[in-house]
Each structure stands twice: as structure tokens, then as C-alpha cells.
Amino acid sequence: MSSTRSNRSSSLVALVDGNNFYVSCERLFDPRLETRPVIVMSNNDGMVISRSQEVKALGIKMGAPMHHIRDVIKKHRIATLSSNYGLYGDLSQRMMAVVGQFGPVQEIYSIDESFLDLSDMQGRDLVGHAQEIRQRVRQWVGIPTCVGIASTKTLAKLANHVAKKRPEFEGVCDFTRMNEPDLVELLGGFAARDVWGVGRQSDARLKELGIRTARDLLLADSAAISTRFGVVMERTISELRGIGCQPLEAVAPDKKQILSSRSFGRATSDVEELAESVTMHVSTAAEKMRRQDSACSTLQVFLKTNPFKPELPQHHPTATVRLGAPTDDSLKMVSAAVRAVRGLYRPGYKYHKTGVILIDLQPKKVQQLDLFADAPALVSAGTTARERLMHTLDSVNRRSGRGTMRFASEGVDHRWRMKREKVSPAYTTQWEELPVARA
DNA sequence: TCTGGGGTCCTAGGACCC
DNA sequence: TCTGGGGTCCTAGGACCC
């Protein structure tokens with residue numbers, strides 16, 4: 001054991017994470033929420049995706065279906081809000097910009113978390129530095145955060161978790177300040193499930209081997225774990241021991257696939273409505289794809305009935321659609337996808353979700369040509385009329401809001417659109433909805 | 001009435017080739 | 001009588017993350 005963390009001094013990683021991020025965003029613009037327990041709900045107001053401290057204390061779990069907790073909500077006067085991703089995304093960008101000033105390399109890991117490389121601060125006051133980050137984000141953006149510091153990403157995640165759970169750390173936990181026996185003992189107080197990369201399934205199987213805590217996992221026989229659980233879990237153990245297996249990625253790599261899907265507010269058996277929703281998903285996904293300058297030659301379309309209603313007949317077909325030469329042309333993709341919907345559709349089922357996945361993504365410049373195509377689709381000099389149209393479409397929608405310019409086959413009625421009954425205003429991204437300060 | 005959406009990586013198994 | 005072995009590619013599915 002003495003050698004397991006001997007090289008930990010070589011790198012320093014901080015994880016900065018927003019506390020109850022969506023709830024914090026909502027509270028920032030509606031101070032009345034400060035004194036109430038608050039829940040932010042998923043799309044369609046279906047389940048819990050962010051909870052204030054008070055809600056966590058009441059034992060309401062992440063992911064709980066809203067209709068299971070109706071009574072608790074009423075009893076404790078919990079405020080429930082539809083999710084407002086425009087708001088969260090905007091505040092996220094501000095938070096990331098502030099955090100990024102505190103280290104030479106930042107990896108934005110999710111909407112509310114980023115890693116910072118602090119390796120060049122060896123021997124300096126890291127806790128003080130981290131407190132400064134927290135204070136500035138709080139002051140400039142308004143979001144409370146916690147910071148975990150350690151020699152690897154996995155340990156930094158765990159340190160962050162400790163900082164959140166143990167008030168005595170005052171929001172910052174630095175594992176590199178602790179000596180090894182103390183750290184191992186501390187980890188004995190946290191479940192294996194709290195470790196990044198240990199999910200529900202692995203946790204159950206680890207328990208069968210007597211591995212219950214983060215400490216147990218750190219001390220486990222990694223060769224034996226590797227055969228039973230695979231290389232991913234083996235890497236997790238290495239990271240717990242201070243051996244970095246996951247470098248920081250400052251530049252987000254291009255997406256390898258892009259998915260757009262959504263449950264309906266109300267199930268439908270109407271093939272035209274299914275086609276409308278799929279048209280919308282294709283155009284959303286294609287716009288994202290063009291933003292990263294990629295093209296694709298294959299897409300998948302799927303329909304799903306509601307799996308939570310086993311008493312109804314179930315149908316969840318998928319179609320894989322080949323497009324020929326790689327393309328980023330929404331029109332081409334829409335017509336192929338809609339054809340696929342008509343092929344997949346069976347009358348008599350209540351569909352409650354559709355989706356489109358663009359797979360096979362590749363940079364536009366280096367694409368393979370279709371051997372049988374009449375003419376190269378995208379390599380022609382300059383831009384084609386179709387490309388200019390896509391460009392116009394994207395810039396209009398960027399400037400004036402999604403859906404300003406769209407395909408006729410997306411329909412206008414949208415009786416299937418999702419439910420968002422309690423959404424807060426777009427405080428930071430729409431002029432008409434800016435908060436007003438009163439004297 | 002009522003259970004999200006968007007990703008990544010890994011593995012197993014089948015088809016096919018030499 | 002004997003019934004291989006190694007490699008690639010593709011797909012589906014599982015597990016994990018937030």
C-alpha cells in the first residue's frame with residue numbers, strides 16, 4: 001500500500017461543482033424561493049431532477065416520479081418548477097468563464113462541473129485558492145459551489161463529494177493535504193457507490209465481494225476486479241490510488257453521435273404527428289451537427305410506446321437509414337427519416353416518444369465519397385445553393401430563436417408537444433423577460 | 001393523468017475473409 | 001480420418017455519467 005499513492009504529487013486537479021445547480025439558478029432570480037423547499041422537474045414535468053437541501057432532507061430521491069410524491073409536496077409546500085434550460089445554460093457559461101480564470105487548463109465536464117489543472121500550484125495554498133473561486137463565482141454569478149482537490153479526476157470528484165457532505169470542510173476538500181492513513185480512513189466513511197464510475201449494477205456486484213466503501217474499493221485486488229468488471233473499473237481503482245488514467249481535456253472533442261428525442265405531453269396514434277415530431281428532431285440534430293462542421297451517412301429513427309404502461313401493447317421499433325454519401329443537408333435527412341417513420345408505424349399503438357440519432361459523424365472535409373453518387377455531394381468548389389440555404393436557416397434560428405424558420409412538415413399544431421406548465425421566465429436571454437429591479 | 005434527455009465507452013456475437 | 005485460427009467490421013445491448 002505504501003507505494004500506491006507515491007506519485008500523487010505530480011498532478012493536481014480541482015473539481016468545481018455548482019450546488020443543487022438548477023435550483024440555485026431559479027432561486028437567483030426569485031428570492032421568494034430562498035425560504036421554501038424547491039424541486040426542478042424534468043421535461044414534461046415528469047420527475048425530479050434537482051432538489052434544494054430541504055427537499056433532500058425530506059428524503060425525496062433524484063428521479064422520483066412527480067405523481068408518487070404529490071402528498072409530500074403539498075404537505076411541505078414544496079415549490080415545483082419546470083426546467084428552464086435556456087436559463088441554466090446561460091448561467092453555466094458565466095460560471096465556467098469565471099472558474100476558467102483560476103487555472104491554465106479547464107475541462108468543462110457538464111452543465112455545472114468543470115475540472116481545473118492546478119499542477120503548477122504545487123506547494124501553494126490550494127484551499128485558499130479554492131475559497132477564492134467559490135467566493136468569486138458566488139459574487140459574480142450568484143451560484144454557490146463546492147471544490148474538491150486531489151491528484152486524479154476520480155479522487156477530485158470524491159473530494160468534492162466530501163466537501164458537500166461534511167460542513168466542517170466549508171465547501172473545499174483537499175485530499176492532497178491529508179496523509180495517507182487519514183485519507184483511507186475518511187474514504188471508509190463513504191459508500192463505494194459514491195465513487196465516480198460505480199453505478200447501481202456494479203455496486204450490487206461489489207457488495208457480493210464484500211466491497212462496500214470507497215476504502216474497500218481502493219484496497220481491492222485490482223487484477224481480480226479487472227477480470228470480473230472490466231478495464232473501466234480497474235482504471236477507477238488506479239485513479240483512487242492516485243494514478244491518473246484520465247487526462248484533462250481542455251478542448252471538447254467533436255460529438256460522435258447526436259441525438260434528439262422527446263416524450264410527448266400526450267401519447268398519439270397519428271402517423272402524421274409522429275412524422276412532424278421526427279422532422280423536428282432531424283432539424284434540431286442536423287443544426288447541431290452543422291455547428292461542429294460534421295456530416296453523417298447514417299441515421300436512426302425510433303418510436304416508443306410508454307414502457308410504464310405495461311397493460312398497453314408495446315412497440316419500440318428502430319430503423320437504420322443509409323443516406324449514401326455523407327451529408328449535412330436537413331432536407332435530405334428529413335425526407336429519409338419521414339419515410340422511415342411511415343415504415344415503422346403500426347396502427348393501434350399509443351406512441352409516447354420519438355427520436356433521431358445521427359451516427360457515423362465525420363468531419364465534412366475528409367469524408368468518403370459515395371462510389372455510386374452522380375457527383376460529389378459536398379466537395380464541389382465553393383458552396384452549393386443547398387448549403388447556403390442551410391446556412392441561412394441556422395443563422396436565422398440562432399438570431400431569432402429556434403423554430404423561427406422551419407420545415408412545413410414540422411407542422412404548426414403540435415398537440416403532442418411537451419408539458420412545461422411551471423416554467424420560469426428567460427431572465428437572462430430574452431429582453432422581454434429581464435428581471436426588473438425595484439427601489 | 002402521471003416516470004427526461006443527451007452522451008460515452010466497452011463487450012459479445014455474428015458475418016465474412018484469408 | 002481429420003472439422004482451424006486469426007483478423008476485421010458491424011450491431012446490439014449494457015453500464016455509466018450528469
Side-chain angles (χ1 to χ4, degrees), chain A residues 15 17-18 20-22 39-51 60-71 73 80 82-85 88-89 92 107-115 153-154 157 160-161 192-206 226-236 245-246 249 252-267 277 281 284-285 288-289 292 297-298 300 302 304-312 316-320 322 350 352-361 418-421:
Chain A
L15 176 67
D17 185 334
N20 313 332
F21 186 65
Y22 298 167
I39 281 174
V40 173
M41 301 176 286
S42 65
N43 285 335
N44 279 314
D45 299 346
M47 62 185 216
V48 177
I49 54 168
S50 183
R51 305 160 294 162
I60 294 178
K61 298 268 184 289
M62 185 75 167
M66 293 305 293
H67 66 274
H68 285 179
I69 55 174
R70 199 108 307 174
D71 295 344
I73 288 172
T80 56
S82 303
S83 36
N84 183 347
Y85 287 103
Y88 313 148
S92 170
E107 174 185 335
I108 295 171
Y109 175 67
S110 74
I111 194 162
D112 70 332
E113 293 168 79
S114 64
F115 291 102
K153 284 178 165 183
T154 302
K157 288 276 285 185
N160 187 286
H161 183 76
R193 183 72 174 80
D194 293 332
V195 175
W196 193 33
V198 179
R200 219 162 39 92
Q201 305 293 327
S202 318
D203 186 46
R205 289 171 60 211
L206 286 169
S226 180
T227 28
R228 285 185 187 234
F229 294 82
V231 294
V232 178
M233 189 65 72
E234 186 186 8
R235 282 201 281 263
T236 296
C245 304
Q246 300 174 269
E249 287 184 345
D254 281 351
K255 302 263 181 272
K256 295 175 179 170
Q257 59 179 50
I258 292 173
L259 175 145
S260 175
S261 74
R262 196 123 309 171
S263 307
F264 299 141
R266 177 172 65 65
S277 72
H281 290 314
T284 305
K288 271 194 203 171
M289 182 172 73
Q292 69 169 35
S297 53
T298 312
Q300 288 181 328
F302 63 83
K304 272 184 183 0
T305 49
N306 191 343
F308 295 103
K309 290 191 167 179
E311 70 277 12
L312 293 179
H316 27 93
T318 304
T320 301
R322 313 279 168 188
K350 292 272 189 196
H352 105 126
K353 182 177 188 170
T354 61
V356 169
I357 313 173
L358 311 184
I359 52 184
D360 241 18
L361 265 59
M418 70 173 174
K419 207 163 71 181
R420 273 175 103 199
E421 286 174 351

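Quick note on labels: first sequence line is chain A, next is B, and so on, each numbered from 1.
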Output yes when at least one side-chain N/O atom of A:S83 is less than 4.0 Å from OP1 or OP2 of B:dG4, else no.
no
With respect to the phosphate group of C:dC16, does any side-chain polar atom (N or O) of A:S202 fall under 4.0 Å of OP1 or OP2?
yes
Does the side chain of A:K288 get closer than 4.0 angstrom to OP1 or OP2 of B:dG7 through an N or O atom?
yes
Phosphate OP1/OP2 of B:dG6 contacted by A:R262 side-chain N/O (<4.0 Å):
yes
Measuring to OP1 and OP2 of B:dC9, would you say a side-chain N or O of A:K256 lies under 4.0 angstrom away?
yes
Indicate whether the side chain of A:S277 and that of A:T354 have a donor and an acceptor atom separated by less than 3.5 Å.
yes
Any side-chain donor-acceptor pair under 3.5 Å between A:N84 and A:S82?
no
What nucleic acid atoms does A:I111 come within less than 4.0 Å of, heavy atoms only: base, sugar-phosphate, or nothing?
nothing
Look at the side chain of A:K255 and decide which nucleotide, out of B:dG6, B:dG7, C:dC18, has an atom nearest to it.
B:dG7
Using the C1' atoms only, state how far C:dG4 lies from B:dC17, rounded to an integer number of Å.
14 Å
Out of C:dT11, B:dC9, C:dA15, which nucleotide sits closest to the side chain of A:R322?
C:dT11
Quick one, A:D45 and A:M66 - any side-chain contact, counting heavy atoms below 4.5 Å?
no
By nearest atom, which of the nucleotides B:dT3, B:dG4, C:dC18 is closest to the A:Y109 side chain?
C:dC18
Looking only at side-chain atoms of A:V231, point me to the closest of B:dG7, B:dC10, B:dG4.
B:dC10
Counting side-chain heavy atoms from CB outward, which of B:dT3, B:dG5, C:dC17 is closest to A:N44?
B:dG5
Can you tell me which nucleotide in B:dC2, C:dC18, B:dG5 comes closest to the side chain of A:R70?
B:dC2
Between CZ of A:R420 and P of B:dG5 the distance, given in whole Å, is 12 Å
For the residue pair A:W196 and A:F115, does the interplanar ring angle fall in the parallel (under 30°), tilted (30 to 60°) or perpendicular (over 60°) class?
tilted
Picking from B:dG4, B:dG6, C:dC17, which would you name as closest to the side chain of A:N43?
B:dG4
Would you say a side-chain N or O of A:S260 is under 4.0 Å from OP1 or OP2 of B:dG5?
no
Would you say the side-chain atoms of A:N160 pair up with the backbone N or O of A:L15, donor to acceptor, closer than 3.5 Å?
yes
Is A:R266 touching bases, backbone alone, or none of the nucleic acid, heavy atoms closer than 4.0 Å?
nothing
Per atom distances to the A:W196 side chain, the nearest of C:dC18, B:dG4, B:dT8 is C:dC18
Can you tell me the Watson-Crick or wobble partner of C:dC10, both distances under 3.5 angstrom?
B:dG13
